[in-house]
Engineer: 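Got a structure here, written out as structure tokens. Questions coming.
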Amino acid sequence: MADDEDTDVPLIPELYKPAALLPIAQLRDQLLYTIETFPVTIVVGETGSGKTTQIPRFCLDAGWCADGKQIAVTQPRRIAATSVAARVAEELGTPLGQRVGYSIRFEDVTSANTQVKFVTDGLLLREMLVDPLLNRYSIIMVDEAHERSLSSDILLSLLKKVLRKRDDLRVVVSSATLEAERFLDFFTPDEGEKVHGKSKEDYGKIISIEGRTHPVEIQYLLEPTNNYVERAVDAIMSIHTSESPGDILVFLTGREEIDDCIDMLSDRIADQSPNHQKLLTLPLYAGLSTEDQMFIFQKAPPHTTKVIISTNIAEASVTIDHIVYVIDCGYVKLRTYDANLGIETLNIIPVSKASATQRAGRAGRTRPGKCFRLYPKTVFAQLEEATFPEIQRSNLAPVVLQLLNLGITNVVRFDYLSPPPSSLITRALDLLHSLGALAPTGHLTKPLGTRMAELPLEPMLARTLLCAATPAFSCLDEMLSIAAMLTLQGNAFVSHDGGKKQLDAARRKFAVAEGDHLTLYNVYEAFVKSGMSVAWCREHSLNHKNMVKAVSVRKQLAHYLSRFGVAASPLSSSDVLRVGGTPLAERIRRCLTAGFFAHAARMKSDGSFTTVDGKTTLWAHPSSVFFHRKAEWVVYTEIMETRGKVYVRDLSAVEMEWLVEAAPEYYRVRDGGRR
DNA sequence: GAGCACTGC
């Protein structure tokens with residue numbers, strides 16, 4: 001099997017099946033007819049239907065690339081784009097990167113001969129800045145659209161606009177059943193309206209493809225439970241003692257629950273007789289190092305049942321073969337954004353029916369399976385049909401900035417698949433205005449606003465980086481490293497052997513009194529000096545894969561800046577440390593203030609912080625140097641509420657005067673009693 | 001005092 005040998009891909013995708021055996025083969029002619037006839041085709045297909053690999057092949061064979069045009073297939077995740085491209089290339093018997101290729105951030109495996117290109121949806125969005133009508137493509141297929149990710153939603157809106165201008169383009173949207181009608185309605189013209197001579201009826205069509213999964217028997221609890229972790233342990237033990245042997249996948253919501261579950265399970269296993277079939281429990285969540293994640297793919301030893309206890313990562317991002325039993329707690333941890341407070345919150349909420357169905361399906365991939373839902377059937381009936389779209393619960397500043405840069409001036413009346421609440425858009429516009437990206441006319445400022453939009457960074461960080469290049473701050477080299485480290489979102493450090501103490505000790509070695517940003521800078525510098533060593537990372541509890549990613553991000557950011565014609569000021573090495581009498585470390589913190597002035601807080605005597613308006617109490621995240629140390633004013637780069645407590649991460653000590661200097665208007669208005 | 005679900009440019 002090709003997939004097993006594909007060492008570049010860390011997680012092994014679905015089992016290989018000969019193309020001709022897939023149910024989709026029988027639908028070939030109907031699919032091609034629909035794509036030829038209708039501008040929009042909605043394909044409804046379960047996982048395992050072969051739609052992602054076969055539809056591009058059919059279109060290729062039918063001549064959709066004859067005139068030098070390409071077929072693009074978008075994926076929400078990098079791993080999917082690369083692994084599916086590899087499979088299609090193999091099926092066609094061509095080397096990857098020739099007729100079939102992929103393009104993801106930092107990796108463009110395509111050539112002049114490429115006809116079918118797999119891309120992440122975010123990357124295709126960026127491509128629209130250069131080629132707004134996507135003229136090089138004859139067909140664009142948006143896969144996994146039912147996941148309703150921020151970028152696939154925006155992409156669909158933009159494709160609708162492009163279709164109004166290009167009658168030769170075909171759009172294929174692949175979706176789970178429940179959302180298909182919604183997608184079709186979105187694309188088709190209104191009643192009585194016509195687009196390129198086509199009315200609602202002849203503009204789009206839905207085609208269903210059956211999957212090839214095995215039946216999964218579903219069982220429910222009779223009564224609701226208030227402790228699903230305990231019930232999960234009960235269910236594991238009951239499968240272990242009463243069902244035929246088979247690997248088990250358990251869905252819980254987060255790391256702590258997973259650890260608890262494993263602890264409780266090991267207590268219960270200790271009671272078992274030694275000659276019984278054994279249980280091997282393995283945690284799975286994104287925060288684990290790659291090596292630890294790989295354990296789940298290893299075959300269990302003889303007479304051993306694998307029990308994988310996972311977050312939502314196993315629902316769509318990671319596919320594990322040979323799972324026979326699924327245990328679903330019925331909840332998921334989901335991020336929402338409070339536009340009034342500007343705070344993101346991680347809440348545990350009930351899953352949607354679509355999610356529950358997807359989770360259950362994980363049991364039937366290789367043979368008939370069973371799914372145990374840790375809630376009553378009546379509860380399932382009341383679940384939402386689909387997960388709340390990301391666009392309705394996110395900080396929209398990055399999206400709004402991107403739309404404005406694409407020339408969409410009225411972001412309020414933009415044709416969203418699901419319009420976000422206006423408070424989210426207003427908040428985003430306010431922020432962009434305060435950062436100087438937005439002119440009073442509603443257009444992006446030039447060059448600041450357009451440059452901020454082009455950088456693959458959130459707006460506050462983009463502005464910080466652009467400020468770093470100005471003579472007053474002169475700290476571009478340093479800020480590039482800091483920005484790259486910040487994109488790791490707190491995942492620079494990792495505990496290799498589960499030792500929390502070791503991790504904290506490693507962190508302390510790099511810590512400096514000025515705060516977390518300069519600490520991150522020290523980590524980056526030390527990593528590069530180590531020769532990007534794996535052993536060095538292990539010794540210092542650092543995630544090597546992520547550190548390498550920071551190096552790539554830094555390179556990409558530097559490339560953008562040089563394209564803007566922005567470079568580090570040509571200071572001789574003796575001048576670098578002081579500019580106009582200001583030391584480097586202070587310039588860096590002043591520069592951070594210029595981008596993150598809206599994220600200021602003041603420390604109280606008990607070690608907690610208050611926001612500038614005095615309304616919210618914040619706590620330094622335990623990973624921050626200010627978890628132990630004192631400061632007065634700080635700016636922070638990230639804020640998130642978990643379990644009723646608001647945590648800030650990545651803090652730097654600043655002076656009140658710097659805040660007023662950085663944003664006199666912002667702070668004056670606040671003193672005047674806004675909000 | 002004690003901790004981030006998951007993606008992506």
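Residue numbering restarts at 1 for every chain, and letters A, B, ... go by the order of the sequence lines.
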Engineer: For a quick check of understanding: with a heavy-atom distance under 4.0 Å over all strands, which category does A:Thr120 fall into, base, sugar-phosphate or nothing?
Structural biologist: sugar-phosphate
Engineer: Pick base, sugar-phosphate or nothing for A:Ile104, based on heavy-atom distances below 4.0 Å to the nucleic acid.
Structural biologist: sugar-phosphate
Engineer: Counting only side-chain heavy atoms from C-beta out, which of B:dG3, B:dA5, B:dC9 sits nearest to A:Leu123?
Structural biologist: B:dC9
Engineer: So, is A:Lys645 close to the B:dA2 phosphate, meaning a side-chain N or O under 4.0 Å from OP1 or OP2?
Structural biologist: yes
Engineer: Taking A:Arg649 first and then A:Asp516, would you say they form a salt bridge - that is, a charged N and a carboxylate O separated by under 4.0 Å?
Structural biologist: no
Engineer: With a distance cut-off below 6.0 Å to the six-membered ring centre and an angular limit of 45° from the axis, does A:Arg393 pair with A:Tyr337 as a cation-pi contact?
Structural biologist: no
Engineer: B:dG8 C1' sits how many Å from A:Leu396 CG, rounded?
Structural biologist: 16 Å
Engineer: Any donor-acceptor pair under 3.5 Å between the side chain of A:Arg649 and the base of B:dC4?
Structural biologist: yes
Engineer: At under 4.0 Å between heavy atoms, what does A:Thr311 touch on the DNA or RNA strands: base, sugar-phosphate, or nothing?
Structural biologist: sugar-phosphate
Engineer: Counting heavy atoms from C-beta on, name the nucleotide in B:dA2, B:dT7, B:dA5 closest to the side chain of A:Arg77.
Structural biologist: B:dT7
Engineer: If you check the A:Ser317 side chain, which of B:dA2, B:dC6, B:dC4 turns out closest?
Structural biologist: B:dC6
Engineer: Just checking A:Arg507: base, sugar-phosphate only, or nothing, at a heavy-atom cut-off of under 4.0 Å?
Structural biologist: base
Engineer: Which whole-number value in Å describes the distance from A:Glu257 CD to B:dC6 C1'?
Structural biologist: 15 Å
Engineer: Distance check: side-chain N/O of A:His621 vs OP1/OP2 of B:dC4, anything under 4.0 Å?
Structural biologist: yes
Engineer: How about A:His146 and A:Phe183: are their ring centres within less than 6.0 Å of each other?
Structural biologist: no
Engineer: Can you confirm whether the side chains of A:Thr110 and A:Asp108 place a donor and an acceptor under 3.5 Å from each other?
Structural biologist: yes
Engineer: Do A:Glu638 and B:dC4 have a side chain to base donor-acceptor pair shorter than 3.5 Å?
Structural biologist: yes
Engineer: So which nucleotide from B:dA2, B:dC4, B:dC6 ends up closest to the side chain of A:Met640?
Structural biologist: B:dC4
